[in-house]
Amino acid sequence: MSRFDTISFLTDYGTTDEFVGVVHSVIRQLSPEVRVIDITHEIPAHDVRHGGLTLARAAQYLAPGVVLAVVDPGVATARKAIAVEVGDGESILVGPDNGLLAPAVAMVGGATRAVEITNPEFQLAAPGPTFAGRDVFGPAAAHLCNGIDLLELGPEIDPATLTPGMMPITRIEDGNLVAEVLWTDRFGNLQLNVDPEEISALGDRVELRFDGRARTGVRHHTYAAIPTGEVGLVVDSYGLMSIAFDRNSAADELGIGTGDEVILAGIGDEARSLGVVTPVTLKEKP
Amino acid sequence: MSRFDTISFLTDYGTTDEFVGVVHSVIRQLSPEVRVIDITHEIPAHDVRHGGLTLARAAQYLAPGVVLAVVDPGVATARKAIAVEVGDGESILVGPDNGLLAPAVAMVGGATRAVEITNPEFQLAAPGPTFAGRDVFGPAAAHLCNGIDLLELGPEIDPATLTPGMMPITRIEDGNLVAEVLWTDRFGNLQLNVDPEEISALGDRVELRFDGRARTGVRHHTYAAIPTGEVGLVVDSYGLMSIAFDRNSAADELGIGTGDEVILAGIGDEARSLGVVTPVTLKEKP
Amino acid sequence: MSRFDTISFLTDYGTTDEFVGVVHSVIRQLSPEVRVIDITHEIPAHDVRHGGLTLARAAQYLAPGVVLAVVDPGVATARKAIAVEVGDGESILVGPDNGLLAPAVAMVGGATRAVEITNPEFQLAAPGPTFAGRDVFGPAAAHLCNGIDLLELGPEIDPATLTPGMMPITRIEDGNLVAEVLWTDRFGNLQLNVDPEEISALGDRVELRFDGRARTGVRHHTYAAIPTGEVGLVVDSYGLMSIAFDRNSAADELGIGTGDEVILAGIGDEARSLGVVTPVTLKEKP
């Protein structure tokens, strides 16, 4: 009887090579009944922060089970391979200890236990050391589904010693909110690290300053409600503010993207301004 | 006991973000045994016609069950979320009422019932309204697989009131056939909205006029039979005429693509010409 | 009771069209319980050699069962559709007889039986002949999983008559090793057709000549151990030598890619040189 029946799988492997299929195949042979759900494999190569934020957005929607995440520029070096238990065993995240798992772990309430994956009994012997998804992480995920105890994978480590994730936070400067683009999605919408409540004092029209320019952003409930050519400010599907155009890419229209700074300021003679900062979180499911 | 065990899934979500994986995860939790088959998620963003034609091509090959299709530029506006039953319950198509589902519904014999999806009991509460695949359509598909009645999703609506799909039709002008490229496939083959019988009177050599130029297209049974550099006219795998090169992209060679007009004309002094138009259909499985 | 429960699936279909989803759907209806694992569908269009090498790399990691591989520029011509049994029935590879399957078949020990797929009973009737994955290969794979005997698909053929795969081999010239880039992976690492033992006599520093230029490559155990800007020589996850940079694409940095020639030469006044050539193999799992 298996303990977990679902592995949620995220990497920067891309799908042009056989990497993803090979990991699926390895898992299929070790734990035949488990279902593997691909979250995405198009994390930009080696971009740990991007992978961590993507995993955090997905985290609360994932099926309980094992989360297998590999964005691993330090493969085969001294960086640890880890398995992190959350929710007192509801799920276990498996991946490199480089900050990739941290935002998702925080998102679902923090780690309850963690181990370093070292036991060769649960790894594939390999002709070369550079494909840990196939040889280390994938097998660990499969064996966890089969019911081996977390502590069989290797020595327990203090979750507090794990590499933290980097989550940019907003700050107030001169009554304005200095924010950052967390994510440019497929449609060109720009997710900011801004909770709607952080800018409620600014009203429905907000000055957006970026890259030496300024545009007026107007709050709307849906993308389609944004008038053509206008810059919209929409609460996105994760509960964060996003800059959007109707049926057009805000990233292309404005020429900015992930990691860029955006300052949100009040508009008018008696311009509204901001006093306090609320820490940003990806909103949990109500 | 589930009613349906397969969901066929098509969107314009792309696979670089977590959207597709999150919908899979939501379905996995609501209806654990159902198998989700990805048709494609690379419909160009917001391109409802493209999505509708892709779904229509696939329709007759899909497993009976639920078809979940989301290309939805009007997400969270007044556009209806709908579920359309076909074949007296053999399958149910779920998606936005914007013409996306219409060509596939027509392809498989038309709607037998339809409802607007409104019942919040079968939706996820969400931190923002812009991800209906996750919050509305995906859950509806999963619950239908679990056996809830179509009418539990919301009020019944007359299928005749649904937004129709747009299918460009050919016309005769001066004895020539004015056609359109329906689809440029991965290999650069250009599918026309032309049934082979429509041009049988023109013989095996046909003048193709497009973009102010003309080329001679020659009928062949296979791509590989087209001599190098020659423009081939091949009955494609859906039974429509396509313009093709052997091991080369016709789209690249000719510089045309989806939506472009192509005129098919007779060749020779006593040029053959056309008198009647037969309506085009994607050919059904024999 | 099914005979095989897994189909490993590789094509050049891409995922922007519905091709892959349609083949999954056809298999789902013919053999509902079988699991289809996508290896990759991004083999460059018509690139049989690329597909063959990718399949060979994956081969030893695939679940026993059916391997369905389609890169088929000669679809619907006289090229044979074949099914090749390996390991006395442990697995069966299905695809066109154009060399695509040959490297993988060799990798797992050679063919034990082979047939030409001709029996229309196990094919879909089709409106056009150009989608053999849907109409011929996919159905054959599904029926094999259901337990039909290999010989029911069509007449037995001598495996020795199958089209061989092309595997470039190294040669010694003037004491140097003339090699070729077999594969440029997602990360820009350049896999050579070179076994580490072939160049052990050259030591840890090797001159790499390509495209009229020369760079020094240094042996390292991991990508991350390569100093920034230095060209690394790393034994990759398949046991072959690869040219790599740390967190950078060697393909981009050096301006070379798959199919390009690379000469490996000794360095120093009393430059080491090579005498014998060992045939290259993808390393088997230890």
Side-chain angles (χ1 to χ4, degrees), chain B residues 5-6 8-10 14-15 20 35-44 50-51 53-65 67 183-189 191 195-196 220-225 234-242 244 246-249 281-286, chain C residues 7 9 11-38 40-48 70-79 96 98 120 123-139 142:
Chain B
D5 60 9
T6 306
S8 302
F9 187 25
L10 173 147
T15 52
V20 170
R35 198 83 71 89
V36 180
I37 292 179
D38 297 297
I39 304 308
T40 178
H41 300 291
E42 302 295 344
I43 302 298
H50 190 116
L53 288 174
T54 303
L55 197 60
R57 289 194 306 271
Q60 59 183 319
Y61 293 98
L62 300 183
V67 176
W183 172 42
T184 308
D185 78 10
R186 141 95 159 175
F187 302 97
N189 302 313
Q191 185 186 58
D195 189 285
H220 289 286
H221 186 61
T222 66
Y223 301 134
V234 175
V235 177
D236 77 3
S237 61
Y238 297 97
L240 294 183
M241 295 308 311
S242 69
D246 181 32
R247 306 189 195 205
N248 251 319
S249 161
T281 54
L282 293 168
K283 282 297 174 72
E284 285 180 45
K285 280 183 289 191
Chain C
I7 294 173
F9 187 24
T11 71
D12 67 345
Y13 288 166
T15 53
T16 58
D17 300 310
E18 72 283 6
F19 302 135
V20 170
V22 162
V23 176
H24 274 257
S25 298
V26 166
I27 292 169
R28 175 71 167 158
Q29 291 169 82
L30 292 173
S31 188
E33 294 311 312
V34 77
R35 197 84 71 86
V36 180
I37 293 179
D38 297 297
T40 178
H41 300 290
E42 303 294 344
I43 301 299
H46 308 313
D47 193 337
V48 173
V70 189
V71 178
D72 192 16
V75 60
T77 65
R79 73 92 187 85
N98 59 10
Q123 300 179 18
L124 295 195
T130 57
F131 190 177
R134 176 191 72 189
D135 303 325
V136 178
F137 298 120

Pairs flagged by salt bridge (Lys or Arg N to Asp or Glu O under 4.0 Å) wherever residues 35-44 of chain B is involved - sequence neighbours left out | A/Arg186-B/Glu42

Which heavy atom in B/Ala224 sits nearest to a heavy atom in C/Pro73, and how many Å separate them?
-> CB-O, 4.0 Å

C/Arg79 portion near chain B, given a 4.5 angstrom heavy-atom threshold = neither

Residue pairs fulfilling salt bridge (Lys or Arg N to Asp or Glu O under 4.0 Å) with at least one residue in residues 23-32 of chain C, sequence neighbours excluded | B/Asp5-C/Arg28

Which one of B/Leu62, B/Val67, B/Ile37, B/Thr40 satisfies the side-chain contact (heavy atoms from CB on, under 4.5 Å) criterion with B/Leu10?
-> B/Thr40

Which portion of C/Tyr13 sits near chain B, non-hydrogen atoms under 4.5 angstrom = both

Among C/Val20, C/Asp12, C/Val23, C/Val36, the residue with the most heavy-atom pairs under 4.5 Å to chain B is C/Asp12

